[in-house]
J.: 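This structure is in structure tokens; I'll ask about it shortly.
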Amino acid sequence: RAEELNVAVAANFFATLQKLAPKFEQASGNKLLLSSGSSGQFYTQIREGAPFDVLLSADSDRPKQLEAEGLGLAGSRFTYAIGTLVLWSPKPDVVDRDGKVLRGGAFHMIGIADPRNAPYGTAAQQVLTALGLWQQLNQDKKLAVGENINQAWQFAATGNVDMAFVALSQVSDRNAISGSYWLPPQALYTPLQQDAVILTRTSKRALAETFLKWLRADPQAIAGIKAAGYHIAE
Amino acid sequence: MSLALDIAWSRADFLLQVECEMPSRGITALFGRSGSGKTTVLRCIAGLERVARASVRFNGEVWQDQRRFLPTHRRPLGYVFQESSLFAHLNVRGNLEYGLRRVPAAQRRIGFDQAVRYMGLESLLKHRSDQLSGGQRQRVAIARALLTSPQLLLMDEPLSSLDLASRREILPHLERLRDELSIPIIYVSHEIGEVMRIADHIALLEAGRVRAFGSIHEMLTRPDLPLAHLEEAGSIFDGVIAEHDPRYHLSYVDTAAGRLAISLRAAPVGQPVRVRIDARDVSLALEPPEHTSITNILPGRVMDVTDDRDPAQRLVRIDVGGRPLLARITQRSVVQLAIAPGLALYAQVKSVALMD
Amino acid sequence: MSLALDIAWSRADFLLQVECEMPSRGITALFGRSGSGKTTVLRCIAGLERVARASVRFNGEVWQDQRRFLPTHRRPLGYVFQESSLFAHLNVRGNLEYGLRRVPAAQRRIGFDQAVRYMGLESLLKHRSDQLSGGQRQRVAIARALLTSPQLLLMDEPLSSLDLASRREILPHLERLRDELSIPIIYVSHEIGEVMRIADHIALLEAGRVRAFGSIHEMLTRPDLPLAHLEEAGSIFDGVIAEHDPRYHLSYVDTAAGRLAISLRAAPVGQPVRVRIDARDVSLALEPPEHTSITNILPGRVMDVTDDRDPAQRLVRIDVGGRPLLARITQRSVVQLAIAPGLALYAQVKSVALMD
Amino acid sequence: MIASFYSPDDLVALWISLKLAAVTVALLLLLCTPLAWWLATTRSRLRVLGEAMAALPLVLPPTVLGFYLLLFLGPYGWGGRLMHHLGLQPLSFSFGGLVIGSMLYSMPFVIQPLQAAFHAVGTRALEVAATLRARPWDRFFTVAVPLARRGFITGSVLAFAHTLGEFGVVLMLGGNIPGRTQTASIVIFNHVEALDYSGAQRLSITLLVACFILLLIVYSANRSRAEVAAVA
Amino acid sequence: MIASFYSPDDLVALWISLKLAAVTVALLLLLCTPLAWWLATTRSRLRVLGEAMAALPLVLPPTVLGFYLLLFLGPYGWGGRLMHHLGLQPLSFSFGGLVIGSMLYSMPFVIQPLQAAFHAVGTRALEVAATLRARPWDRFFTVAVPLARRGFITGSVLAFAHTLGEFGVVLMLGGNIPGRTQTASIVIFNHVEALDYSGAQRLSITLLVACFILLLIVYSANRSRAEVAAVA
Ligand SMILES: Nc1ncnc2c1ncn2[C@@H]1O[C@H](COP(=O)(O)OP(=O)(O)OP(=O)(O)O)[C@@H](O)[C@H]1O
Ligand SMILES: Nc1ncnc2c1ncn2[C@@H]1O[C@H](COP(=O)(O)OP(=O)(O)OP(=O)(O)O)[C@@H](O)[C@H]1O
Ligand SMILES: [Mg+2]
Ligand SMILES: [Mg+2]
């Protein structure tokens, strides 16, 4: 008899997992119910008894915290994907390969995700701080802040900002990137580890474990994650 | 059997103080000037104003006193409002049926078709209320109130927006309600003619107080009240039909004052009736007049002569067969004919009106 | 100088067809039964109904015809509605000032205080409209219309919610408007007494058509119209004040019919006045009556005798000095006195009312 | 054809949205009618307080409102513990919870038009009904309600549309669970988040057109009857 | 004291929220009054269409509405290109853009109560005004508007509160720029997302209390005058 697994998935990974889900469902004969949302929202909801079995977070802090509070199953946590930050514009020749455009100041606005809630926003802030630009850009009100990385992308895609710090996964289509972009050095920001954890209250622990094992080890899954623009932890 | 009111209420700069026991049969007219409190009294009777210091008893039943308050919908009354009051979301039929449906069939004493006929609404049943003329609206409101078969009917100037002909058609039906169904009616009106025609009692309201209350006979001829000084003042006589004269289309009524001729009536000889004689229709002569078109000539004796509001006129009360007859004549005639209490003379009555 | 109407309009099951030229001076009464279309005519004159096939001309100015339509607010008229129509968001003073403020000061011909005094509203200025009695509301509405100093006043049963005393107070003011400010008034009323008192012309409306239109003299005595058959039917005479008799509080008026006594009036000798004689106040005698309280006795000759609505009564038209006088007497008297055209006799007039 | 145009998730979500909006409006009418009536007719000084309170649910951002509701209805909140005592499941993450959240969020849009409409009915029509023997309930339903019809329509339309478009409260309180608490507005949001703009557009237009037709029907039905005053 | 209780960001955001709500309500009243009047008085068949359209902005989730607005106002959208032709700055991420978004989102809450109120005024009062020489505009402002007062209050209150709590459109269209487009509702949302519950609570309660007091004032002022029918 087919079972249903409730998976809470961070919004930035939702589209990727949607593509992978049929493959898992075919392989296991079970169904995945995907709920997308922000990590903060999921954390709150899980504390309030949300009926999720598995959380695929956009960061590593929330899963750790859940594990510490006994809401996440001890030992089930692992990094399923590592994100890459990219400064991107849908137009060619806006962003140079070294990110000098940031210093030039010849732009109207930059889009980022909210550093307080979104890991990619935090990373963008770290990059800009390292470049010594954070304060100035803030003062000049040149930062358009989206709720999450998707909104930052939308700001840029609709042309309302000149460029935006987004996730590589959003702009790469089979490793090709349209428009112009800059990949900030990994050293400028803490790695964007996205962790998964099984939730203690699940009644489908076996299925949850099967799913996470599949996500971690199945070649199809790994290929799909990579194709979406993520790294995999070695 | 009475409607006993005891109301003390002050609202803004208007003070209502009514203590009065009205008979719960026949038609009692509430008569008074604009702003004297007529509508307010009706609203208190109906329980539409929550007045703390008021008591209302109807036929021994307490509708309201210090401790009790029977809500409006449990008082078996009908109310015709002064302003138009049709439900805008219902057509004429819907308005009429609204009250009818809420009265148990066993208690209904007047039928739908009957009320529609009384008020001449046959062709209007499907009209919306904003498609009616002012008078038509008022007729619907009266029919609607009748259809609740009330034990007491409160009518606030129900006919003031109607032409004389419509009035003439409706008044007999109201009188029939009073007589056949013996529904008592409290009737607000500022038209003394209407009041004289149908009222049995009059409550005279002045600035929130009952200045006087009594039977219509008494009230109309009391020289201390304004009623006797109205242009339409007059007196009322009770009698019986004595004889019919189909040749001249006349009927004769025997009263304490003598035999009076009225327009021919289809009423059996012996039936008690009431006639009205307007003070302005009475002229006086010292000798029995001859060769005059005046039909009714009553010998009598002067009781008193009082001033009228118009200084050119005098009100003369004449004892005709023991009943007061009011005559309004000029001061000059009083002087020329030397009219004084005790003088024997002839009252010539130009016209006598039968009251139903 | 006239108000020319030509309206053809069918609405639901009511058809209005009015073609009529009313003089734009004096008071024209629109008289007719409930539902005959009186309110609708007024609304068309005021431009409140957009009727395609209508033309309205006032004093030569086109208010409305096939091509033009002057909107209501640009027609210099005042309108007193049949139902109460006070603005609920303004108190009495605010209501009165609403129209006043919109009339340029140079065009104002009646002042705030004057209108308030005419209508007896001094103590009510701060009241909200739901704190007024029905009659008080109507008085405010009249004052409000007057304060726009209209060139034409449309009044839809303005006094029907008022008691006689209030009416008596207001009517002279309306007459003054007509005379001193020469504001023509179209006056809807179903009360013939009111109409006789103030109207100069009558338009008789029946089921949406003008059955007859003419001066009040003519209309009242035409035996083919229902007006002569009303209980209040009568005739009207023009004359001048001839003499005053302060002793008896009488004034004498010389008319074509002879000298008539009326109540004393504070009017100079020689002033033209109009008096009304009700048909029911006239009795007939073959010999000059003596020793009677009747003051006015007019010799005359019978013109014609017609049936009245009441079969017991006859309407006798008598030529007194070349003018028709209407007398209503019983059929029996007609027979007993052998009254027939050509007979010389004496009309005894019980009372004569001055109509100023 | 439908199946090829919409994904099964879309269809389920549309159904949940419609059900949610319908249930919410129905319950709100039940709940708000007496409240609005009280507000419109009382002379108590509490009225002003009540009127002010009735608008407050709007002031908080929907997600925040959802958050507080989640705390309240969750297993540690009063509401959740009450449900537990009654032997029932907590309402968070269930359709019932969505209904509660949507009701709270759309309540002002029902109360205010109803109150205004009841106020406009005035007292005269009800007095007339009382003299025609109608008991308080009777006259409420046969006079006040029909005369306040426009208020009911306005309130229902606003609440229905607002619940369809509602998103913050539903997301927070319902947890976006497909087939249970995932409404069409969340699916649209998901499509946008997943950069699937054609999917978002498809569903948006569906919602808009469906709603538009519904409103056309409601307003056309209303158009036929037009009255002005309560008594005439 | 205030400075120690609220962060400077909080205070600025509160100020922006209030300003946004006030400007939105003011502009909406200007825009919706003629629209609502037309809807209430026309006999055109277009009326039903207009009524249905007026409720549609509610049906879309706010973030989605914000997204479409962003498309429209961006350099590739009509609105953006129009601004460019006029030599003006684009409206996205500006206070002006927020105002447009909030207006669109709250419009139904102003139109509907106004329409109902104008409808209730009826024709008689306006006819009376016309016979008292008032021109159409004059009678609109001196008769229709005062008699529709409750509709204005209801509409303003709903739109004001709804704009204060609005979050999706504002976030999307405004870009959350402190001191320019960061409203109190976004700050509260951020606090909740960042699990800073005490911060969220502090600001929520501030908003609620401020709004409550404001509403109390509005309704108390309204309470003193109570009328029922347009003409009496
Ligand atoms: N709601 C109110 N608040 C204060 N005073 C009021 C209110 N309603 C009526 N009044 C006053 O009470 C008095 C009596 O009013 P009421 O309506 O009973 O008079 P009425 O005799 O019916 O007059 P009418 O013949 O003009 O209808 C009036 O002076 C009126 O101004
Ligand atoms: N809106 C309407 N639609 C259809 N018919 C109407 C409408 N308004 C009035 N009528 C009809 O038109 C006729 C004339 O109405 P109108 O109001 O002019 O009468 P009226 O002479 O003023 O009567 P009243 O003395 O009763 O006020 C009536 O038969 C009425 O039923
Ligand atoms: Mg009254
Ligand atoms: Mg009329």
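Labels below follow one simple rule: chain letters A, B, ... track the order of the sequence lines, proteins then strands, and each chain is numbered from 1.
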J.: Report which part of Tyr68(E) has an atom under 4.5 Å of a heavy atom belonging to chain D: side chain, backbone, both, or neither.
T.: side chain
J.: Tell me, for Pro57(D) versus chain E, whether the close heavy atoms (under 4.5 Å) come from the side chain, the backbone, both or neither.
T.: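 Contact with chain E: none, neither part.
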J.: Please find the pair of heavy atoms, one from Ala55(E) and one from Ala161(D), that lie closest to each other, and give the distance.
T.: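 Result for this residue pair: O-CB, 4.0 Å.
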J.: Contact part of Leu49(E) toward chain D, heavy-atom cut-off under 4.5 Å: side chain, backbone, both or neither?
T.: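 For Leu49(E), heavy atoms of backbone and side chain both lie under 4.5 Å from chain D.
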J.: So which part of Tyr105(D) gets closer than 4.5 Å to some heavy atom of chain E, the side chain, the backbone, both or neither?
T.: side chain
J.: Top residue by heavy-atom pair count (under 4.5 Å) with chain E, among Leu207(D), Leu65(D), Leu216(D)?
T.: Leu216(D)
J.: Does any non-hydrogen side-chain atom of Phe109(D) lie less than 4.5 Å from one of Gln112(E)?
T.: no
J.: Need one label for Phe67(E): side chain, backbone, both or neither, based on atoms under 4.5 Å from any heavy atom in chain D.
T.: side chain
J.: Which heavy atom in Tyr219(D) sits nearest to a heavy atom in Val48(E), and how many Å separate them?
T.: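 Shortest heavy-atom separation between Tyr219(D) and Val48(E) comes out as CB-CG1, 3.8 Å.
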J.: With rounding to the nearest 0.5 Å, note down the distance linking CG in Leu164(E) to CG in Leu58(D).
T.: 9.5 Å
J.: Might you point out which heavy atoms bring Phe212(E) and Ala52(D) nearest each other, and give the distance in Å?
T.: CE1-CB, 3.7 Å
J.: Rounded to the nearest 0.5 Å, how far does OG1 of Thr154(D) lie from CD1 of Ile111(E)?
T.: 11.5 Å
J.: Just give me the residue among His162(E), Glu51(E), Glu166(E) that pairs up with chain D most often, heavy atom to heavy atom, under 4.5 Å.
T.: Glu51(E)
J.: Among Leu215(E), Leu158(E), Ile153(E), which residue forms the greatest number of heavy-atom pairs with chain D at distances under 4.5 Å?
T.: Leu158(E)
J.: Tell me the closest heavy-atom pair linking Leu208(D) and Leu56(E), and the distance in Å.
T.: O-CD2, 3.8 Å
J.: Taking side chain as everything from C-beta outward and backbone as N, CA, C, O, which of these in Val157(E) sits under 4.5 Å from a heavy atom of chain D? Side chain, backbone, both or neither.
T.: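 For Val157(E), side-chain heavy atoms alone lie under 4.5 Å from chain D.
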